Protein chains: 2
Amino acid sequence: MVQPFVQYLREKGGLTPAELDAVASVSTFKKIRKNQYLLEEGQISDFIGFVVKGSFRLFRVGEDGQEHIMRFAIENWWIADFASFMNGQPSKCYIEALENSELVIITKDHWNGLLETMPNFKHMIDMLTARNFEAHQNRIYSNISESAEIRYENFVSKFPTIYNRIPLYMIASFLGLTRETLSRIRKQAVKKSSTDL
Amino acid sequence: MVQPFVQYLREKGGLTPAELDAVASVSTFKKIRKNQYLLEEGQISDFIGFVVKGSFRLFRVGEDGQEHIMRFAIENWWIADFASFMNGQPSKCYIEALENSELVIITKDHWNGLLETMPNFKHMIDMLTARNFEAHQNRIYSNISESAEIRYENFVSKFPTIYNRIPLYMIASFLGLTRETLSRIRKQAVKKSSTDL
DNA sequence: AAAGCAGCGTGATAAATGTCAATAAATAAA
DNA sequence: TTTATTTATTGACATTTATCACGCTGCTTT
């Protein structure tokens with residue numbers, strides 16, 4: 001099985017060698033090229049991916065045709081449209097590779113099997129789910145209470161590895177801003193920090 | 001046990017009489033008066049409440065002292081700071097009764113016990129969790145992509161029973177707007193709809 | 001009835017953000 | 001290197017939203 005994935009499962013889930021084998025037996029390796037879609041609107045997300053290499057964006061397209069980025073994923077992140085995955089409904093989202101990327105794929109049936117039969121795995125996912133829930137809460141709070149500038153600063157400090165790897169206009173989309181506004185916010189921030197002397 | 005709660009468990013979870021008894025044996029009834037707190041910042045939400053009667057708001061207080069409403073709950077809704085509940089961390093939220101209210105309370109230990117021993121209960125909660133996740137996604141999408149006016153309209157059509165029961169300035173807070181702005185948006189909306197003739 | 005309070009509406013003005021258009025800078029392709 | 005292509009910046013202007021101040025209404029409480 002793919003090395004970074006094994007390491008992740010050992011560190012985060014404490015899986016035993018036997019358990020790692022069991023996960024391996026239901027895992028698929030997948031390469032996907034830049035700008036290709038892992039999932040498209042209308043499809044059902046009946047799998048979950050683990051990013052081994054590369055990066056992804058998950059976005060929805062508004063009625064006006066504009067793309068709105070819900071989520072990024074880089075190495076060691078899980079990626080799927082979890083809403084579609086959990087409800088079995090057609091997805092409202094696209095998942096696009098931002099670079100040539102590599103994934104481990106686990107289908108929904110296998111995933112649920114692991115949760116039922118492997119307590120270590122279930123415990124790991126429960127932890128992630130709880131953290132994810134909290135992250136959603138924090139993002140909603142941020143959206144309804146914080147200024148664009150502070151939202152941007154928080155993003156940078158929270159996701160430094162994403163911030164310096166992904167085009168600015170995508171971060172703007174994630175934050176619910178236009179690229180122009182984010183560009184200006186950045187300029188102001190530079191001015192401010194140089195005043196901090 | 002409290003009638004509306006029993007009915008809810010039967011309808012949504014298909015619980016048997018024996019199962020209802022089991023839930024009853026770990027449930028507590030609680031009355032709370034208007035403007036009282038069910039939970040305060042810093043406390044750990046080690047319980048989940050089911051609203052039998054009345055209404056609640058869950059909010060955070062920003063650094064400037066402003067209150068930002070994350071969530072409402074009325075009859076037949078569950079209420080807790082789920083982030084605190086799941087992670088066992090001190091809550092960043094207050095939960096306040098907006099009217100004289102009544103709840104069924106289940107502590108965390110009992111809750112987890114029900115999930116482990118009662119598949120019908122677990123299934124019901126899994127469904128709710130999935131829907132809740134989707135609702136969060138939709139709210140984030142709404143926040144980053146939609147205008148204040150559309151956000152308000154969607155709120156009204158999505159939660160008609162909440163909208164006509166709760167002060168407007170709280171809805172504004174929930175939507176991330178000032179009360180003044182929401183007041184003006186409403187006036188515009190009236191003007192528009194009267195032009196629809 | 002009078003006083004107090006909570007909620008809502010509105011005007012004037014300021015600040016934040018979006019839109020459009022043009023260009024520069026950076027990166028990839030030829 | 002030269003040429004395309006993508007990404008980022010900037011200016012001028014329009015729109016949206018916030019802020020501050022004030023008054024109105026309806027409901028309690030006294």
Side-chain angles (χ1 to χ4, degrees), chain A residues 33-36 54-55 57 59 62-69 72 96-101 142-156 162-194, chain B residues 33-36 55 57 59 62-69 72 96-100 142-156 162-194:
Chain A
R33 304 198 58 224
K34 182 175 176 174
N35 298 330
Q36 297 303 109
S55 56
R57 65 197 258 252
F59 65 95
E63 301 193 359
D64 53 353
Q66 267 209 285
E67 300 175 356
H68 300 279
I69 297 180
F72 297 109
E96 183 188 9
L98 297 175
E99 314 169 52
N100 293 335
S101 302
S142 177
N143 282 336
I144 68 174
S145 74
E146 293 174 345
S147 69
E149 183 177 342
I150 292 186
R151 258 154 47 221
Y152 171 69
E153 284 169 7
N154 288 348
F155 181 90
V156 171
I162 290 181
Y163 147 75
N164 59 22
R165 186 165 164 182
I166 275 170
L168 203 68
Y169 75 90
M170 290 192 187
I171 295 173
S173 171
F174 181 89
L175 295 173
L177 302 171
T178 59
R179 42 203 158 84
E180 294 94 333
T181 296
L182 185 50
S183 184
R184 291 183 177 111
I185 283 173
R186 268 173 121 207
K187 193 167 62 167
Q188 283 185 341
V190 170
K191 208 190 297 173
K192 275 192 188 169
S193 68
S194 66
Chain B
R33 304 197 60 221
K34 181 175 175 173
N35 297 331
Q36 297 304 110
S55 55
R57 64 196 259 253
F59 65 95
E63 301 194 359
D64 54 353
Q66 268 209 284
E67 300 175 355
H68 300 280
I69 298 180
F72 297 109
E96 183 189 9
L98 298 174
E99 313 168 53
N100 294 334
S142 177
N143 282 335
I144 67 174
S145 74
E146 293 174 346
S147 70
E149 184 178 343
I150 292 188
R151 256 152 49 218
Y152 171 69
E153 285 169 7
N154 287 349
F155 181 89
V156 172
I162 289 181
Y163 146 74
N164 59 24
R165 187 167 163 181
I166 275 170
L168 204 68
Y169 74 89
M170 290 192 187
I171 295 174
S173 170
F174 181 88
L175 295 174
L177 302 170
T178 60
R179 42 205 159 81
E180 294 96 330
T181 296
L182 185 52
S183 184
R184 291 180 176 113
I185 283 173
R186 267 173 121 209
K187 192 167 63 166
Q188 283 186 340
V190 170
K191 207 190 297 173
K192 276 193 187 170
S193 69
S194 65

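Scope of the values below: all heavy atoms of this structure, side chains included, with no hydrogens, waters or symmetry mates. So you know, we letter chains A, B, ... as the sequences are listed, proteins then strands, and number each from 1. Computed from a prediction, not measured in an experiment: that's the story for all the values here.
Atom P of nucleotide dT19(C) and atom OH of Tyr169(A) are separated by 17 Å, given to the nearest angstrom. Straight-line distance from the CD atom of Glu146(B) to the C1' atom of dG18(C): 17 Å, rounded to whole Å. As a whole-Å value, the separation of Arg186(B) CZ from dC8(C) C1' is 8 Å. When rounded to the nearest whole Å, the span between CZ of Arg165(A) and P of dT27(C) equals 15 Å. Note: CD1 (Ile185(B)) to P (dG9(C)) measures 12 Å, nearest angstrom. The distance from atom CG of Asn35(A) to atom P of dA28(C) is 12 Å, rounded to the nearest whole Å. Look at CD on Gln188(B): it is 12 Å from P on dT10(C), rounded to the nearest Å. Between the CG atom of Leu168(B) and the P atom of dA6(C) there is a distance of 17 Å, given to the nearest Å.
The CG atom of Leu175(A) sits 9.0 Å away from the OH atom of Tyr152(A) when rounded to the nearest 0.5 Å. Arg179(B) CZ to Ser173(B) OG: the interatomic distance, rounded to the nearest 0.5 Å, is 11.0 Å. Taking CG from Asp64(B) and OG from Ser145(A), the interatomic distance works out to 8.5 Å, rounded to the nearest 0.5 Å. Note that CG of Asn100(A) and CD of Gln36(A) are 9.5 Å apart. Values are rounded to the nearest 0.5 Å. Put simply, OH on Tyr163(A) and CG on Leu168(A) are 7.5 Å apart, with the number rounded to the nearest 0.5 Å. Taking CD of Glu99(A) as the start and CD1 of Ile166(A) as the end, the distance is 7.5 Å to the nearest 0.5 Å.
Note that the first and last nucleotides of DNA chain D, 5' to 3', having any atom under 4.0 angstrom from a heavy atom of chain A are dT7(D) to dA12(D).
In the helix from dA1(C)-dT30(D) to dA30(C)-dT1(D), the end axes, each obtained as the rotation axis mapping the C1' atoms of four pairs onto the next four within a five-pair block, lie 40° apart to the nearest 10 degrees.
The shortest side-chain heavy-atom distance between Arg151(B) and Asn143(B) falls under the 4.5 Å cut-off.
Nearer to the 5' terminus of DNA chain C, by closest-nucleotide assignment, is the contact made by Ile166(B) (compared with the other of Ile166(B) and Ser147(A)).
For Arg57(A), the side-chain contact (heavy atoms from CB on, under 4.5 Å) criterion is met by Phe59(A), Glu67(A), Ile69(A), Phe72(A), Glu96(A), Leu98(A), Met170(A), not counting sequence neighbours.
Side-chain to base pairing of Arg184(B) with dG11(C): one donor and one acceptor N or O lie within less than 3.5 Å of each other.
For dT10(C), the OP1/OP2 oxygens have a side-chain nitrogen or oxygen of Lys187(B) closer than 4.0 Å. Close to dT17(C), at under 4.0 Å from its OP1 or OP2, lies no side-chain N or O of Thr178(A).
Nearest heavy-atom pair across Ser101(A) and Ser55(A) is OG-N, 3.2 Å.
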